[in-house]
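Since this is a predicted model, take the numbers as computed values, not measurements.
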Amino acid sequence: MPDQVYIFDTTLRDGEQTPGVNLNRHEKIEIARLLESLGVDIIEAGFPIASPGDFDSVKAIAEALTGPVICGLARAVKKDIDRAWEALKSAKKPRIHTFIATSDIHMQYKLKLKPEEVLEHITEAVSYARNLCPEVEFSPEDGTRTRPEFLCEAVRTAIKAGARIINIPDTVGYTTPHEFGIIIDTLYEHVPELNDCVLSVHCHDDLGMAAANSLSAVRHGARQVECTLNGLGERAGNAALEEIVMAIRTRQDILTVSTGIDTTQLTHACQVTSRLTGVPVQPNKAIIGANAFAHES
C-alpha cells in the first residue's frame, strides 16, 4: 500500500483569515463536522489567543469531535500555549502547534531577536507545550526563506525539545517546486532525527504554486500537507485541499502515496464552505469549479 499523507486542514484558522470572512461558532462547528466526515486527519480549529470567539470555537470543536486530531495555533509564548491548551484539553486527540520566525528578515525586523535567542525561544516553547500536551507541532515561520543551515538548526532544536511534527511554511508564497524539493532533501540529509518525525508543509499561493510546491515536498518525503477547502487564506490563499487530494489520487503513478479522504464528499464540502464564508468558487477553479468538466469544441 502507498505511504499515507496526512491531511491537515486549516480552513478554520488560516482560511478564516481570508479578507472579509468571519465565521461564527456554529458555522465553524458545521465546517469541522464536514471535515471529520471527509476523513481529514488533523483540523486546525483556530488561534485561541486571538480572541474570546476563537477560543470558544476551538473549545467547542475539541468537545464535539472525536475522530480527527484537533489542533490549536500558538506563538512561541507561554501565554499563547496556555490559552491553546485550555481550549484543547478536552479533545480526544489534542495537538498544540507553535511557531516562531526563522528567516533573517523576520528575525531582524519583526522579532528583533538574534538567531541564538530564537533557538532559546524554540526550546522553551516546545518543551513547555510538550509538558502540557502529548502532541506538539513546530513551524519555523518563513521557513523557505530561512538560511538552510539555520533552518536545520531550528528543526533539530525543536525535535530535541519534544516536537514530533515539523512543518515547513512557505509563508509568503515565494518558493518554487524545485527549490522546495531541495529544502526537504537538505533537511533529511542534515537532520537525521526527522526520520522519527512527521515532516509537514504549509504553502501559500502568492505565485500560484501552492499545490505544486506541496506535491513537490511530498515527492521528496513530506508526509503531512496543510491546506484549506477552496484554497481559502490570506492574500492569494493556501494550497487547496481538493487539489492536493485529487492530484494524489489521480497521479499515484508518480506520487506513490495516498490519503484517507473520501473524495465523493469533496464537492459538497467545498460548496458548503463557499456558502458559509461568502466566498464564491470561480467557475474555472480546478476540481470543483462549475466549468471543471465542461468544454466547448
*Could you give me the CA-CA distance, side-chain angles and deciding distance for His97 and Arg13, then say whether side-chain contact (heavy atoms from CB on, under 4.5 Å) is met?*
CA-CA 12 Å; His97 179 190; Arg13 201 278 300 170; 5.5 Å; no
*Under the side-chain contact (heavy atoms from CB on, under 4.5 Å) test, residues paired with Lys114 that sit two or more places apart*: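 So Lys114 forms a side-chain contact (heavy atoms from CB on, under 4.5 Å) with Glu116, Glu117.
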Search all heavy atoms of [X] against all heavy atoms of [Y] and return the closest pair with its distance.
{"X": "Thr144", "Y": "Ile168", "value": "CG2-CG2, 4.5 Å"}
{"X": "Ala211", "Y": "Glu243", "value": "CB-OE1, 3.8 Å"}
{"X": "Gly221", "Y": "Ile184", "value": "N-CG2, 4.4 Å"}
{"X": "Ala125", "Y": "Ile81", "value": "O-CD1, 3.5 Å"}
{"X": "Leu12", "Y": "Ala32", "value": "CD1-CB, 4.0 Å"}
{"X": "Val201", "Y": "Ala217", "value": "CG1-CB, 3.4 Å"}

*Quick one: which residue pairs count as a ring-ring contact (aromatic ring centres under 6.0 Å, His included) with a foot in residues 204-223, not counting sequence neighbours?*
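Matches after skipping sequence neighbours: His202-His204.
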*Between Thr171 and Asp142, do the side chains contain an N or O donor and an N or O acceptor separated by less than 3.5 Å?*
no
*asked:* Could you check whether Thr146 and Thr102, counting side-chain N and O atoms only, form a donor-acceptor pair closer than 3.5 Å?
replied: yes
When you compare the side chain of [Y] with that of [X], does any pair of heavy atoms fall below 4.5 Å?
{"X": "Val5", "Y": "Gln224", "result": "no"}
{"X": "Cys270", "Y": "Leu229", "result": "yes"}
{"X": "Val40", "Y": "Leu241", "result": "yes"}
{"X": "Ser37", "Y": "Asp262", "result": "no"}
{"X": "Tyr188", "Y": "Asn195", "result": "yes"}
{"X": "Asp82", "Y": "Leu132", "result": "yes"}
{"X": "Glu234", "Y": "Asp14", "result": "yes"}
{"X": "Asp54", "Y": "Glu16", "result": "yes"}

Can you tell me if [X] has over 12 outside heavy atoms packed within less than 6.0 Å of its [atom1]?
{"X": "Lys92", "atom1": "NZ", "value": "no"}
{"X": "Arg235", "atom1": "CZ", "value": "yes"}
{"X": "Arg25", "atom1": "CZ", "value": "no"}

Just by distance, do the side chain of [X] and the backbone of [Y] share a donor-acceptor pair under 3.5 Å?
{"X": "Asp41", "Y": "Ile7", "answer": "yes"}
{"X": "Arg223", "Y": "Val218", "answer": "yes"}
{"X": "Asn238", "Y": "Leu232", "answer": "yes"}
{"X": "Ser274", "Y": "Val279", "answer": "yes"}
{"X": "Asn291", "Y": "Ala294", "answer": "no"}
{"X": "Ser127", "Y": "Glu124", "answer": "yes"}
{"X": "Arg156", "Y": "His190", "answer": "yes"}

When rounded to the nearest 0.5 angstrom, what is the spacing between [atom1] in [X] and [atom2] in [Y]?
{"X": "Leu266", "Y": "His268", "atom1": "CG", "atom2": "NE2", "result": "11.5 Å"}
{"X": "Cys197", "Y": "Ile166", "atom1": "SG", "atom2": "CD1", "result": "5.5 Å"}
{"X": "Ile42", "Y": "Asp9", "atom1": "CD1", "atom2": "CG", "result": "10.0 Å"}

*Report the residue from Pro177, Cys203, Ser214, Ser216 that forms a side chain to side chain contact (heavy atoms under 4.5 Å, CB included) with Met209.*
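Of the listed options, the one satisfying the test is Pro177.
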Give the cluster check for [X] versus [Y]: same hydrophobic cluster or not, with ILVMFWY residues linked at side-chain heavy-atom distances below 4.5 Å.
{"X": "Leu34", "Y": "Leu276", "result": "yes"}
{"X": "Leu199", "Y": "Tyr6", "result": "no"}
{"X": "Phe150", "Y": "Leu111", "result": "yes"}
{"X": "Phe8", "Y": "Ile244", "result": "no"}
{"X": "Tyr128", "Y": "Phe99", "result": "no"}

_Evaluation steps, side-chain contact (heavy atoms from CB on, under 4.5 Å), between Cys152 and Leu187_ = CA-CA 6 Å; Cys152 290; Leu187 284 168; 4.0 Å; yes
*Any Lys/Arg nitrogen of Glu30 or Arg275 sitting under 4.0 Å from an Asp/Glu carboxylate oxygen of the other?*
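Yes, charged N to carboxylate O under 4.0 Å.
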*asked:* I'd like to know if Glu44 and Arg95 make a salt bridge, using a cut-off of under 4.0 Å between side-chain N and carboxylate O.
replied: no
Donor-acceptor pairs under 3.5 angstrom involving side-chain atoms of residues 63-76: please list them, not counting sequence neighbours.
residue : atom : partner : partner atom : Å
Glu63   : OE2  : Lys59   : NZ           : 2.7
Arg75   : NE   : Asp80   : OD2          : 2.7
Arg75   : NH2  : Asp80   : OD1          : 3.0

*Passes side-chain contact (heavy atoms from CB on, under 4.5 Å), Asp170 versus Arg145? Steps please.*
CA-CA 8 Å; Asp170 187 28; Arg145 295 196 299 172; 5.7 Å; no
Taking only distance into account, with no hydrogens and no angle test, what donor-acceptor pairs under 3.5 Å do side-chain atoms of residues 157-165 form with protein atoms, sequence neighbours excluded?
residue : atom : partner : partner atom : Å
Thr157  : OG1  : Glu153  : O            : 2.8
Arg164  : NH1  : Ile159  : O            : 3.1

_Other ILVMFWY residues reachable from Tyr109 by side-chain steps of under 4.5 Å_ = Ile105
_Connected hydrophobic set around Val172, excluding itself, where side chains approach under 4.5 Å_ = Tyr174
*asked:* For a side-chain contact (heavy atoms from CB on, under 4.5 Å) check, start with the C-alpha distance between Ile100 and Val77, then their side-chain angles and the critical distance, and finish with the verdict.
replied: CA-CA 9 Å; Ile100 192 169; Val77 177; over 6 Å; no
